[in-house]
Amino acid sequence: MNSFKEGSFYTGEYRNLFKENGLSEEAIHQRLDDTWNELFYGAPDVRIYHPMGDDKGYIVDTGNTDVRTEGMSYGMMMAVQMNKKEEFDRLWKFAKVYMQHTEGRYKDYFAWHCKLDGTRLSPGPAPDGEEFFAMALFFASKRWGDGAEPFNYSEQARIILRACVHKGEDGEGDPMWDPATKLIKFVPETPFSDPSYHLPHFYELFALQADEQDRAFWKEAAAQSRAYLHKACHPETGLSPEYANYDGTPAEPQPHGDFRHFFSDAYRVAANIGLDYEWFRSDPWQVGQSNRIQAFFRDIEVTDYRRYTIDGQPFEELSLHPIGLLATLAMASLAADGPDAGHYVKLLWNTPLRTGDRRYYDNCLYFFSLLALSGTFRIYS
């Protein structure tokens with residue numbers, strides 16, 4: 001087990017697992033810079049970022065040729081971690097102008113996807129975007145300071161979180177967190193969750209920076225999310241479903257598909273648990289959970305990753321995002337203390353970015369994993 005007894009939030013120290021596995025700091029910094037440049041300014045079959053006009057930019061979901069709050073908020077988190085204010089501000093301006101609702105039942109939420117020119121495709125929001133937007137904005141406030149609207153980052157974050165908690169109290173709309181359980185919903189109107197949306201390490205920080213009246217709520221949300229993941233992750237395989245009820249059981253099939261299995265969304269659970277452990281180290285269960293999911297995949301080739309039942313039965317269907325899954329398994333090494341932790345760190349290092357139409361999701365998770373494993377995915381508070 002590593003010698004770090006407390007999380008980075010308390011110590012200000014961050015593990016560099018690449019260095020622990022024999023790589024030089026120079027090589028690690030170079031990989032981070034090169035990967036940023038490839039994703040934001042690289043070749044057409046690699047890049048996912050595009051500037052727009054004088055003051056906007058967007059992250060494209062290359063598999064669907066649209067812009068999603070997931071990708072926009074991910075891009076903002078990448079930018080603030082890499083100290084890239086121009087790209088951050090361009091992404092935020094696009095999201096603010098084209099995606100955030102200014103009235104109605106979704107006021108202050110964001111339309112979850114739109115066309116490349118900003119035309120909305122669907123009005124409804126997806127809560128993972130809102131929580132990443134808010135956290136990235138708080139970090140930007142601490143890193144660069146608040147500016148004139150819409151770059152008064154901390155207030156913009158509080159506006160989002162205020163809506164997430166209180167929407168519907170005046171009779172219009174729905175909150176993004178279930179008031180009874182304090183668990184994040186799949187979308188505001190649904191009575192179930194998505195385990196990969198659970199970011200207790202963000203909620204701990206929201207509890208310090210959100211509206212004072214809501215700080216106890218966010219502290220409780222962090223505790224409830226950690227407890228929820230115990231129930232949503234299978235006790236032997238470590239796999240979780242894409243959608244799960246508030247009791248952790250897989251949600252019933254939905255009109256848009258069957259999400260009871262371990263597939264694309266669910267990959268992020270391993271990464272989120274790893275980062276929560278790195279930052280706060282408050283849940284010892286996370287160590288065993290990370291060991292379990294790494295052990296499940298240890299003898300499976302990346303090219304043979306598939307859809308799985310949560311008890312580990314494979315489908316014929318191959319993973320749509322194998323590099324993304326590998327990235328999250330590597331990020332689990334922040335918590336894992338088993339024999340596979342170093343293996344996944346080295347395997348990620350030796351795996352290139354994905355190219356082609358499906359690259360967006362994989363490479364977002366890949367870059368987050370590079371940041372986390374190099375000790376560069378940091379708290380700014």
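Put simply, the residue from F133, F110, Y58 that forms a ring pair (Phe, Tyr, Trp, His ring centres under 6.0 Å) with F94 is Y58. Residue D214 is tested with R162, K219, H166 for a side chain to side chain donor-acceptor pair (under 3.5 Å); the sole match is H166.
Ring pair Y203/W177: centre-to-centre distance below 6.0 Å. Aromatic pair Y308/F296: centroids less than 6.0 angstrom apart. Less than 6.0 angstrom separates the ring centroid of F88 from the ring centroid of W144. Aromatic rings from W92 and F151 are positioned such that their centres are separated by 6.0 Å or more.
Within the 4.5 Å cutoff, no side-chain heavy atoms of F138 are placed close to those of Y380. The shortest side-chain heavy-atom distance between M176 and K167 does not fall under the 4.5 Å cut-off. Proximity of V97 to K56: side-chain heavy atoms (C-beta onward) are separated by under 4.5 Å at one or more points. E278 has its side chain within reach of R15: a pair of non-hydrogen atoms, C-beta onward, lies under 4.5 Å apart.
A cation-pi geometry, defined here as NZ or CZ lying under 6.0 Å from the six-membered ring centre and within 45° of its normal, does not hold between R306 and F315.
Between the side chains of E20 and N16, not a single donor N or O lies within less than 3.5 Å of an accepting N or O. Donor-acceptor pairing under 3.5 Å is lacking for the side chains of R31 and T35.
In this structure H343 satisfies the ring pair (Phe, Tyr, Trp, His ring centres under 6.0 Å) test with no other residue, sequence neighbours excluded.
Going from atom CG of L199 over to atom CG of N272 covers 5.0 Å, rounded to the nearest 0.5 Å.
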